Amino acid sequence: MREDWDAIVLGAGPAGAEAAMTAASFGFRVLLIDEEHAAGGQIYRAPDHEHGDKGEGRELRRRLGEADVVCAFEHRVWHITRDFEVHALGPDGPMRFRAPSLIVATGAIERHCPVPGWTLPGVIGLAAATILLKTHKVLPGRRVVVAGSGPLLPFVANEIRQLGGTVVRLVDAARRRDWVGVAPQVLYAPALAMRGAGWLARLAISGVPLRYGHGLREIAGDGKVERVTIGPLSPDWDQTEGASETVEADAVCIGYGLIPSNDVTRLLRADHEFDPDKGGWVVRTDAEGRTSVPGLYVCGDAAGVVGAAAAPLSARIAARALARDRGDSAVAGHDREAARARAALAGKTIFGRAMTKIATPRRGASNWAKDETLICRCEGVSKGAIEAAIREGCATLDDVKVATRCGMGSCGGRICAEPVGALIAVLTGAHRAEIGQATGRSPLRPVSIDQIVGDFDYSDIPFPEASPQ
Amino acid sequence: MTGERYDLAVVGGGIMGCAAAIHACGGGLNTIVIEQGAIGSGASGVNAGTLSLQIKRLKLMPYALKSHAIWREAGKAVGFRRIGGYTLAFTEREAEFLTERMALKREAGAPIRMVSLNEVADKEPGLSRSVVAASYCEEDGDANSSLMGVYYRHMLREAGVAFRERDGVMDITREKGDFVLRAKSGTIRAKRLLLAAGAWLGDLLPMLGSHLPITVRVNTVSVTEPGPPVIGSIIGHATGLLSLKQKSNGCILIGGGWQGTGRPAQGRGEVNANTLLTNLRLARHVAPGIANRRLLRSWTGYEAHVPDFYPLAGRLPGVENAFVLGCVRGGFTIGPYIGRLMGDLILGREPELPLFDPARFAPGSSNSTNQH
Ligand SMILES: Cc1cc2nc3c(=O)[nH]c(=O)nc-3n(C[C@H](O)[C@H](O)[C@H](O)COP(=O)(O)OP(=O)(O)OC[C@H]3O[C@@H](n4cnc5c(N)ncnc54)[C@H](O)[C@@H]3O)c2cc1C
Ligand SMILES: Cc1cc2nc3c(=O)[nH]c(=O)nc-3n(C[C@H](O)[C@H](O)[C@H](O)COP(=O)(O)OP(=O)(O)OC[C@H]3O[C@@H](n4cnc5c(N)ncnc54)[C@H](O)[C@@H]3O)c2cc1C
């Protein structure tokens with residue numbers, strides 16, 4: 001595969017695939033990279049067998065197959081330099097690709113709010129559960145508690161029922177009236193709203209107990225999930241006195257919405273901002289997906305969580321911005337197509353933002369964990385240890401990371417950065433913007449040393465002049 | 001704002017600034033440390049943590065020996081481990097170089113000996129069998145640089161040193177003999193001033209009309225995911241371009257001073273993929289046992305040096321009551337001790353070992369590379 005391209009798109013979900021096709025339509029030589037074996041991203045994940053391929057995902061893959069886009073699937077990107085040299089690990093070993101423009105479409109990651117017992121085997125993320133259920137057709141357990149916030153709740157509960165599992169409880173931290181409150185925004189995407197209403201109706205008819213304005217108090221069991229205690233929450237998500245109940249279950253699917261994936265843009269030192277409407281810490285962009293770094297564009301959920309329906313629209317806008325910035329005459333001047341996409345995006349954004357808003361944890365969630373509850377599971381750091389570090393003067397995410405090793409493990413802080421940031425805010429009263437994010441570092445994902453160094457001879461190692469001894 | 005007045009203001013909350021401040025305060029000076037980030041967030045908190053006599057320059061050996069003792073005393077609080085260290089050569093040329101260097105260092109007081117290849121293979125089965133020569137020093141070990149913030153914050157409090165974090169000094173002027181520091185939080189007055197701003201020294205000195213020939217380096221360190229034990233001691237390479245150790249949590253730390261990119265004034269630097277890969281290849285060659293580990297994170301830190309690679313430690317030429325401490329190679333090792341010496345100088349006492357007078361670089365001096 002060639003090294004030099006006109007543009008590289010990272011991530012082949014609905015956003016990245018669309019961005020690649022749009023850029024290619026202007027005659028750019030485009031490389032689309034994803035670590036998965038096919039395009040589709042998180043929502044339109046390609047099934048393992050071709051005959052299972054249907055719906056929007058298949059349509060996306062068909063169009064991509066016809067477009068003039070070169071795809072590097074099964075390539076995990078582990079490092080990107082400031083001048084967009086992209087280092088990936090693929091089936092043929094370490095690769096480098098270069099381009100003057102880079103579109104980042106790496107999607108979103110799941111948000112967790114630790115409760116006692118959340119690290120027990122049998123507890124999985126709500127978004128992770130969608131993969132298990134949709135792609136692998138596997139149930140997380142027989143008797144499942146589905147808990148958290150946001151639109152994935154009824155979706156996951158339904159999928160579990162369809163595969164023959166029992167949903168013991170559906171526990172939504174948002175209250176019914178919070179949902180009623182977003183009704184006007186929801187109507188901007190009537191089809192999606194109908195789908196959601198359908199899931200809820202089916203759950204209600206089949207007698208799944210729905211608990212609005214509730215959260216998990218504790219997940220307990222001997223080495224695995226056995227019991228789950230559920231109790232009421234205040235509008236701020238503080239645990240309130242009211243009656244709690246304990247149910248038997250062998251699995252818990254739990255998640256609190258999505259946050260934009262920003263490891264790539266942090267690594268490239270683009271400006272970021274804390275914007276709860278977009279899901280939290282997100283790269284700062286203009287209306288067309290340009291970041292503060294020239295030549296770097298972002299689209300899809302990575303530019304702010306608004307969902308799959310908006311992804312291709314923001315992608316077309318970003319790819320057109322790229323073409324225009326590169327002096328392409330076909331898009332120069334008044335870009336009607338982009339204006340149309342922006343108008344369409346606006347509606348989808350209103351819907352997506354409403355979903356993000358209803359999923360976003362409120363202050364009280366920081367008090368759910370007990371002192372001994374682990375917040376950073378990779379490094380085994382408890383809430384008590386993090387609180388102690390904050391009391392000792394740690395005021396930023398980097399401070400806490402250095403003092404406690406929280407976020408230094410293999411997940412790269414993907415799981416704990418959010419709850420720790422929220423905890424610092426609650427304890428110190430500081431704004432999340434001051435608390436900051438951890439400095440972006442490579443590798444973006446863990447990679448085997450043997451694989452990235454490739455074959456080499458000792459005699460070829462270039463030793464510079466050693467400094468005086 | 002009127003501002004508070006101190007006997008001593010220290011700019012920079014790394015090892016150098018903290019160690020000097022604590023000692024000066026212990027000697028009776030009302031002292032404040034002003035740090036633009038967090039205590040220990042510069043080189044002191046991101047370095048590879050190697051405490052190695054084998055990589056110390058001859059002249060610095062007495063300082064390193066004294067400092068090892070201080071780190072040992074700090075013990076668990078800094079994750080100190082005295083686990084010994086091997087330095088390896090893989091070609092005849094490297095072997096010759098290693099043997100010659102280590103003999104000199106031994107003369108300078110470090111308990112270093114050349115060891116048989118069998119011993120290396122026996123003690124460190126995770127290492128390559130293509131070693132040609134090896135030296136060993138039982139005094140070598142490491143500490144945990146990421147604990148520096150927690151450790152020094154605690155030590156500063158204990159000693160009664162005032163400190164401010166996230167408070168960069170933007171400007172320094174003189175008023176009636178005092179230094180007036182304009183920081184983010186307001187002004188601070190002090191009778192004496194110590195500049196211990198690490199790689200940022202070059203940005204600070206001009207505030208006092210001073211210029212010293214400071215060069216910034218951007219060192220790279222990497223860590224793997226945890227795993228079973230493969231390396232038991234500190235592993236170095238004859239060129240000094242590798243440091244390898246397995247921490248008690250099973251992670252392997254890989255350093256060696258390979259250069260990344262960036263400038264201190266522009267925030268955190270970045271790794272350079274080419275030098276990083278070279279660093280990893282060298283590590284992989286030296287220790288095949290780490291080959292299947294996954295790389296978790298690579299990062300960079302800034303350090304500074306002057307043309308003779310010796311410390312800047314003494315009075316700031318031409319500015320009365322101003323001192324400078326920085327550009328110490330292997331400063332993690334030597335910091336706690338040279339910081340004390342600096343404290344003594346500021347207190348007007350004769351330091352136990354000589355310092356490294358910055359005046360050697362002042363215009364008009366012979367600009368010699370000899371220490372004073
Ligand atoms: C786990 C998960 C499950 C979800 N399930 C649903 C659902 O069931 N229903 C729903 O409506 N929404 C779901 N969502 C949200 C939905 O996926 C997004 O709204 C939508 O897919 C956004 O599209 P995108 O193109 O921006 O990102 P994505 O579809 O997430 O695509 C990003 C792509 O980037 C690739 N990538 C990222 N980093 C790298 C790297 N370093 N190297 C190589 N490749 C990389 C990923 O493999 C991925 O294919 C889910 C989200 C997540 C995180
Ligand atoms: C990556 C790396 C690996 C290393 N590995 C080793 C090793 O293994 N063994 C070893 O012995 N040595 C090692 N070193 C060297 C050692 O880390 C340094 O010599 C030592 O930490 C320097 O301490 P310092 O206090 O001078 O500098 P720093 O720790 O950098 O402290 C200077 C402080 O000044 C602050 N500052 C700067 N400007 C201002 C301002 N205007 N206002 C307020 N504050 C300011 C900075 O924020 C910083 O915290 C390594 C260095 C690096 C970078």
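Computed from a predicted model, the values in this text were never measured in an experiment. All chains are named by letter (A, B, ...) in the order of the sequence lines, taking the proteins before the strands, and each is independently numbered beginning at 1.
Atom CZ of B:Arg294 is separated from atom CZ of A:Arg445 by 11.0 Å, given to the nearest 0.5 angstrom. In this structure, the separation between CZ on A:Phe456 and CG on B:Leu277 is 10.5 Å, given to the nearest 0.5 Å. One finds the NE2 atom of B:His237 at 4.0 Å from the CZ atom of A:Phe463 (value rounded to the nearest 0.5 Å). B:Arg153 CZ to A:Asp399 CG: the interatomic distance, rounded to the nearest 0.5 Å, is 5.5 Å. Between the CE atom in A:Met408 and the CG atom in B:Asn249 there is a gap of 10.0 Å [rounded to 0.5 Å]. Rounded to the nearest 0.5 angstrom, B:Leu296 CG and A:Ser442 OG are separated by 12.0 Å.
Proximity to chain A is limited to the side chain of B:Leu276, based on heavy atoms less than 4.5 angstrom apart. Looking at B:Ser298, both its backbone and its side chain come within 4.5 Å of chain A, counting heavy atoms on both sides. For B:Ile39, no part lies under 4.5 angstrom from a heavy atom of chain A. Interface residue A:Thr439: only side-chain heavy atoms are found under 4.5 Å from chain B. Contacts between B:Val150 and chain A at a heavy-atom distance below 4.5 Å involve the side chain alone, from C-beta outward. For chain B, the nearby parts of A:Ala395 are the backbone and the side chain; heavy atoms of each come within less than 4.5 Å. With a 4.5 Å cut-off on non-hydrogen atoms, B:Ser222 does not touch chain A at all. When heavy atoms are compared at a cutoff of 4.5 Å, A:Pro94 does not approach chain B at all.
Of the listed residues (A:Arg96, A:Glu379, A:Lys401, A:Gln451), the one with the most heavy-atom contacts under 4.5 Å to chain B is A:Arg96. Of all the listed residues (B:Leu282, B:Leu147, B:Asn292, B:Leu104), the one sharing the greatest number of non-hydrogen pairs under 4.5 Å with chain A is B:Leu282. Counting heavy-atom pairs closer than 4.5 Å to chain B, the top residue among A:Arg82, A:His87, A:His79 is A:Arg82. Ranked by heavy-atom pairs under 4.5 Å with chain A, the first of B:Gln259, B:Glu165, B:Glu225, B:Arg293 is B:Arg293. Chain B forms the most heavy-atom pairs under 4.5 Å with one residue out of A:Asp398, A:Leu267, A:Val402, and that residue is A:Val402. For the set B:Cys251, B:Ala273, B:Ser41, B:Gly149, the entry with the most heavy-atom pairs within less than 4.5 Å of chain A is B:Ala273.
Side-chain contact check for A:Arg269 versus B:Glu270: some heavy-atom pair is nearer than 4.5 Å. Between B:Thr91 and A:Ser459 the shortest side-chain heavy-atom distance does not fall below 4.5 Å.
Judged purely by atom type and a 3.5 angstrom limit, B:Arg284 has no side-chain atom pairing as donor or acceptor with the backbone of A:Ile449. Side-chain N or O atoms of B:Arg281 include none that pairs as donor or acceptor with a backbone N or O of A:Asp455 at under 3.5 Å.
Nearest approach of B:Trp258 to A:Pro462, heavy atoms of both residues: CH2-O, 3.5 Å.
For CD of A:Glu372, the number of neighbouring non-hydrogen atoms (other residues, nucleotides, ligands) closer than 6.0 Å is greater than 12. By the neighbour-count criterion of 12 heavy atoms within 6.0 Å, atom CZ of B:Arg93 is sparsely surrounded, having that number or fewer from other residues, nucleotides or ligands.
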